[in-house]
Amino acid sequence: MTSRNSIWWKLPGVVIWMAAVGLLAAGYTSKLGVLFALSGVVSAFALATWLEGFSLRLSRVWLCSGLAMGLTVLLSSFLRGNSGVVGLFGSETIYGFTESTNWFMGVLCWLVPVLLSAKRYSLFLTLEAASLVGIFSSILAAHRDGSIHRPFFLTDWLLERNYDPMPFFLGAGALLGIMLVVWMLSRSSAKRTLLDPALLIAMIVALFLFLPDGKLRQLSAFAGGEGGKGDQSKKDKQHHGGQGGKGDQKQDQDNQGQNQDPDPSNGEGRRSFPVAVVSLHDDYKPPYGTFYFRQDTLSNYNGRRLVRDASGKLDTDVGMPFPAEPIEVPLRDRADLPSAGSRERVAHRLRTTVALMTPHSKPFGLIDVAKLEPAPNPDAKRFERAYKVESIVLDADFGTLLNRSLGSEKWTPEMWQHYTEVPEDPRYREITEKAKLLLPTHLRGIPIAQALAVKFWMDKNTTYNLKVPKLDEDADPVANFLFGDRNGYCVHLAHSAVYLFRTLGVPARVSLGYAVGSRQRGDGSTILIRNGDAHAWPEVYVRGLGWVVLDITPEKVVTPPQEEKVDQDLQRMLGEMARQTPGSPKEENPPAGDGDLRKALAEALRGLSQAMVPVLLLTLAALYLMKIWRRMEPRFCGPARLPVASYRATLDGLADLGFYRDYGTSREAFAKRLAERAPDLSDLTALHMRAALGPGVPPVGRAKYLALSAAIARQAGQGIQWWRRALGVLHPLSWWKVS
Amino acid sequence: MDPSNNSALHPLSPAAEVARVLGNRLRAAIKGRDEVINLILTALFADGHVLLEDYPGSGKTTLAKALGESINDPNGAHIAAFRRVQFTPDLLPSDITGVSIFDPPTGRFEFRPGPIFAHVLLADEINRTSPKVQSAMLESMAEKQVTVDNVTYPLDQLFFVIATQNPRDLAGTYPLPVAQLDRFLFKINMDYIDRESEVEVLNTRRERRSAPTERLVGRDEVIVARQLIEQYVYVHPLINHCLVDTARNLRSHKKVLQGLSTRSLVLMIPALQSMAMLAGRDFVSPEDIHYLAPYVFGHRLVIAPGAGEMKKVVHECLAGPLEQLTRMTLAGQTPVPAPPADPFPLAPVN
């Protein structure tokens with residue numbers, strides 16, 4: 001049969017699966033991975049078609065697929081975990097290879113058995129459709145988490161040409177949905193009368209639940225509801241470094257669900273989304289190439305690791321609440337004051353505005369924060385809150401540090417002790433001694449130069465790698481890392497550096513917050529902070545300057561911390577949104593106004609989501625009307641139409657009970673199949689067939705038709721449970737497959 | 001409607017009566033072969049011939065003989081009701097057609113008709129004889145005439161052949177090529193009859209030998225029945241569409257090496273009409289196509305080795321057009337469909 005077994009018949013399936021898998025993979029893997037996932041779909045269809053020719057046992061197919069998948073996972077984890085192999089081929093090659101293999105095999109090992117099983121059992125057909133629905137819903141759900149419009153390459157193209165991307169996406173989604181429904185319905189299989197509508201309803205509910213609404217807010221805002229702003233205190237922000245080390249672990253656990261930061265150990269799976277926008281009121285380029293936003297700091301060594309100082313007397317430059325009125329931050333050393341050291345300007349004051357897009361427990365600001373002021377929220381739909389920060393920012397680079405001494409004059413011995421406490425392990429001393437050798441001899445005695453040497457030593461001898469086992473709440477992040485393979489991410493690096501600095505007697509601490517490369521800022525005055533920018537870094541206290549970042553930047557990088565480049569348009573747009581004052585009248589006809597566009601989008605989406613319910617109800621009503629009309633038609637129709645109408649009404653009645661004619665069998669055969677249950681069906685079938693294919697309409701009155709119809713309904717319904725009959729009557733689509 | 005319901009009125013009722021009488025007589029003679037009897041009657045009314053593929057002793061001679069003896073021809077004394085020819089390798093064409101013999105008293109050649117001059121001819125083991133005899137036989141079947149010494153002698157209008165061949169034991173046979181098989185309307189594969197029927201055959205062996213109770217059927221009655229069926233059993237245009245689509249599907253089927261000829265479709269129509277009449281209908285229904293297609297199409301196809309059962313292939317190709325035909329009956333006015341390019345809305349079956 002060319003018509004039904006041809007590859008063309010499989011095409012809709014291939015297209016739908018490719019769309020689903022492509023969308024799914026795009027959120028999780030590289031372009032290569034997506035490519036291989038797509039080719040996995042095609043291969044799976046080809047393989048399944050080929051395997052159809054063999055009479056394989058399904059259990060064996062499933063077993064083989066499971067084994068193949070297991071082997072693939074084992075192989076890739078071996079390749080990734082084995083530093084020798086990574087070193088031999090390069091981390092990028094290995095990453096690309098394992099990603100593409102995993103995705104290809106994953107798709108293949110799932111699709112082939114599902115397709116093969118669906119060919120034989122209708123239950124698996126449902127499974128196949130359900131997995132499709134799941135993928136689409138999860139993508140829709142992911143779209144809600146703050147991404148304004150993805151994929152960027154497409155939306156940018158549309159926005160540049162002044163088109164609103166949202167209708168486009170909705171249209172594409174609707175098209176896919178329709179294709180999916182048609183595909184699901186057109187695949188005939190017995191015993192699916194109840195599963196079909198259940199799936200359809202599930203899909204519609206999923207669409208309705210996950211359709212982005214007008215607010216375009218983050219998922220967390222939905223999880224926390226509108227009360228998210230109210231109980232800030234509970235939403236303790238967690239960062240890389242805050243992996244349970246803040247002393248309030250219970251709270252941390254409570255907030256796992258709302259944790260916006262990527263867990264670095266499985267960061268590849270998370271999407272990047274914006275968490276805040278910082279507008280600079282003046283141009284500034286940090287001397288070390290990175291904007292650091294400090295939110296919290298860990299300085300108290302508790303015997304295993306660094307935790308937040310609980311006394312409240314130390315680290316007074318962090319931990320302020322959100323400002324309701326201007327707050328002066330008590331800084332021990334003011335780098336901007338001329339008295340601090342040389343006459344050269346080493347720092348100046350910079351004003352910034354921070355607009356938060358996700359709930360944060362504490363304010364953060366560009367280091368060092370000197371003053372916090374409240375600011376009106378520019379757009380309550382988009383932003384959680386906003387505040388102004390006055391920071392003292394450094395202009396001097398590392399070169400100026402060498403002349404300075406460490407620690408503050410105002411520090412008590414207890415404070416010195418606090419900031420230099422370190423595990424008693426001779427191996428730290430060994431490393432610092434090794435590091436000191438990097439210095440020219442005349443510098444070896446200067447503590448700050450020693451600290452720099454440690455930094456350079458660590459830059460050279462560590463590897464940045466997100467794919468290391470997740471840190472336990474209480475685990476020492478340093479020893480295994482520093483005396484092991486030295487593969488780790490910022491938490492390991494920062495803690496290790498601080499331990500080493502402290503070993504040298506340099507007062508040091510770990511700070512938590514966000515770090516954004518100054519290149520990310522582009523030309524604008526806006527810095528977009530994304531969840532992936534969360535960072536932990538070591539700081540040392542330099543007299544006259546305060547806490548100075550001495551971050552470790554390993555030369556070897558296995559997984560780049562942030563692969564995705566920031567979208568400049570999005571950054572600018574968010575920046576402009578953040579700068580707007582609330583309630584200010586909008587400009588008339590702004591050229592391609594982002595605000596207007598956004599508003600239009602929001603309006604369109606709100607309208608759409610509000611229209612969903614009536615549309616659904618109307619559709620349902622139309623389906624029921626159709627059902628009732630088909631059932632009642634024999635009572636009203638003309639005599640020529642009577643045989644068809646009454647026969648169709650009877651078939652509808654039988655469909656309600658779950659009796660359908662099988663594909664390719666004749667009406668007489670159907671009547672014969674039901675002969676025991678409904679003997680009158682063959683009479684009605686004969687009448688109908690004669691009217692349809694015979695020389696003329698049989699001379700039989702309406703009463704006879706109605707009587708036959710009623711008799712068949714009565715006969716067929718016997719012995720069928722009442723709930724089954726009720727389900728059939730309520731089923732709005734039972735007539736759909738009547739033919 | 002069922003023509004037997006108001007038999008006095010319906011134009012088909014004489015045909016139905018002939019069918020009923022013949023059916024009763026045959027069923028009385030042969031037990032457990034109702035399906036074959038039905039098919040043979042269909043072929044008789046459709047003016048086609050039947051090839052039975054079965055093993056010896058399955059009752060085919062009895063069947064053919066019962067059929068021949070049920071037909072009575074008061075005017076045609078020279079034509080035998082029933083003849084049986086056992087086809088052997090040394091048979092000659094003249095052994096079946098007859099020969100011209102020199103008659104010394106008159107000094108002329110006189111034609112002595114062979115066994116082919118009969119109403120019902122049983123050609124036993126037709127594949128055992130030489131192709132020469134086969135072709136002579138098959139030609140006379142198609143043309144309903146015999147030519148001996150350049151003189152053409154017409155066969156009787158009723159002329160009906162039941163040929164047999166043994167599906168096993170093929171050594172020393174001359175298998176009929178597809179082109180010659182085409183002369184047969186049906187090829188019927190018979191299986192062993194079921195247990196009850198077989199027991200009944202043994203139980204009733206004495207009664208069956210005695211004369212049947214039903215009356216004989218006149219030869220002319222059969223001829224008239226043929227005409228009535230052709231005229232009064234309605235063939236909807238959709239039926240023809242379905243047949244053509246099926247043939248096209250068969251021709252494009254990957255496993256079919258040689259597809260159906262147009263002639264086989266033309267021959268199918270009377271068979272469908274007869275089938276419909278036997279089923280008590282005055283119109284051809286999809287059911288008839290479904291039932292007859294393997295018998296009519298099966299031996300006209302050449303399928304690739306290993307393609308499995310012919311019947312499966314035929315039904316596979318039939319399913320789509322038949323489904324479409326069936327669905328069209330719910331469309332109201334049953335319009336004639338446009339040629340379907342690709343029946344996309346039809347779902348696949350496994």
Side-chain angles (χ1 to χ4, degrees), chain A residues 1-6 8-12 52 118-122 182-190 630 633 637-638 640-645 647-648 651 661-672 683 685-696 698-700 737-739, chain B residues 1-2 5-6 11 232-239 242 245 248-256 276 279-291 313 315-334 340-350:
Chain A
M1 276 301 289
T2 48
S3 53
R4 278 184 286 105
N5 286 343
S6 72
W8 298 111
W9 173 248
K10 304 217 183 293
L11 206 59
E52 270 164 28
K119 200 88 181 146
R120 297 192 204 169
Y121 299 107
S122 51
V182 167
W183 187 54
M184 270 163 57
L185 286 176
S186 66
R187 296 168 53 145
S188 93
S189 176
R630 283 169 63 118
E633 199 190 353
C637 64
R641 176 84 189 147
L642 190 58
V644 171
Y647 185 67
R648 195 174 67 180
L651 283 187
R661 183 179 62 85
D662 289 335
Y663 175 88
T665 57
S666 63
R667 303 211 178 285
E668 288 90 344
F670 178 54
K672 214 170 178 181
D683 289 355
T685 308
L687 279 176
H688 162 70
M689 290 306 280
R690 181 157 197 278
L693 296 174
V700 177
K737 287 201 293 178
V738 168
S739 57
Chain B
M1 276 308 291
D2 190 349
N5 275 3
N6 37 11
Y232 289 109
V233 177
Y234 181 72
V235 183
H236 198 277
L238 282 172
I239 299 284
C242 174
D245 289 341
R248 294 177 71 87
N249 277 350
L250 276 168
R251 284 168 202 154
S252 57
H253 194 289
K254 261 185 284 179
K255 290 174 178 167
V256 174
R281 270 185 271 110
D282 62 350
F283 63 95
V284 175
S285 141
E287 181 76 351
D288 301 328
I289 302 180
H290 184 82
Y291 183 73
V313 174
H315 276 155
E316 219 174 90
C317 294
L318 192 59
L322 212 54
E323 177 71 18
Q324 198 180 11
L325 170 61
T326 305
R327 288 186 181 195
M328 291 303 269
T329 64
L330 270 190
Q333 297 302 309
T334 48
D342 186 14
F344 181 78
L346 302 187
V349 222
N350 310 317

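In what follows, chains carry the letters A, B, and so on, assigned in the order in which the sequence lines appear, proteins first and then strands, with residues in each chain numbered from 1. Owing to the predicted nature of the structure, the values given are computational and were not obtained by experimental measurement.
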Under 3.5 Å: donor-acceptor pair, side chain of Arg667(A), backbone of Thr326(B)
yes

Smallest heavy-atom separation, Glu323(B) atom then Thr665(A) atom, equals OE1-N, 4.2 Å

Nearest 0.5 Å, please: how far is CE in Met689(A) from CZ in Arg281(B)?
8.0 Å

Spacing of OH belonging to Tyr663(A) relative to CZ belonging to Arg327(B), to within rounding of 0.5 Å
7.0 Å

Which bit of [X] comes within less than 4.5 Å of chain A, counting heavy atoms only: side chain, backbone, both or neither?
X         : result
Leu325(B) : side chain
Ile239(B) : side chain
Val256(B) : neither

With side-chain contact (heavy atoms from CB on, under 4.5 Å) as the test, would you mind laying out the steps for His688(A) and Leu330(B) before giving the verdict?
CA-CA 9 Å; His688(A) 162 70; Leu330(B) 270 190; 4.1 Å; yes

Kindly indicate, with the supporting measurements, whether the criterion side-chain contact (heavy atoms from CB on, under 4.5 Å) is fulfilled by Leu693(A) and Met328(B).
CA-CA 10 Å; Leu693(A) 296 174; Met328(B) 291 303 269; over 6 Å; no

Please say whether more than 12 non-hydrogen atoms of neighbouring residues, nucleotides or ligands are located less than 6.0 Å from CZ in Arg630(A).
yes

Max heavy-atom pair count under 4.5 Å with chain B, selected residue of Ser666(A), Gly694(A), Ala669(A)
Gly694(A)

Most chain B-contacting option - heavy-atom pairs closer than 4.5 Å, from Ala686(A), Pro695(A), Pro643(A), Ala645(A):
Pro695(A)

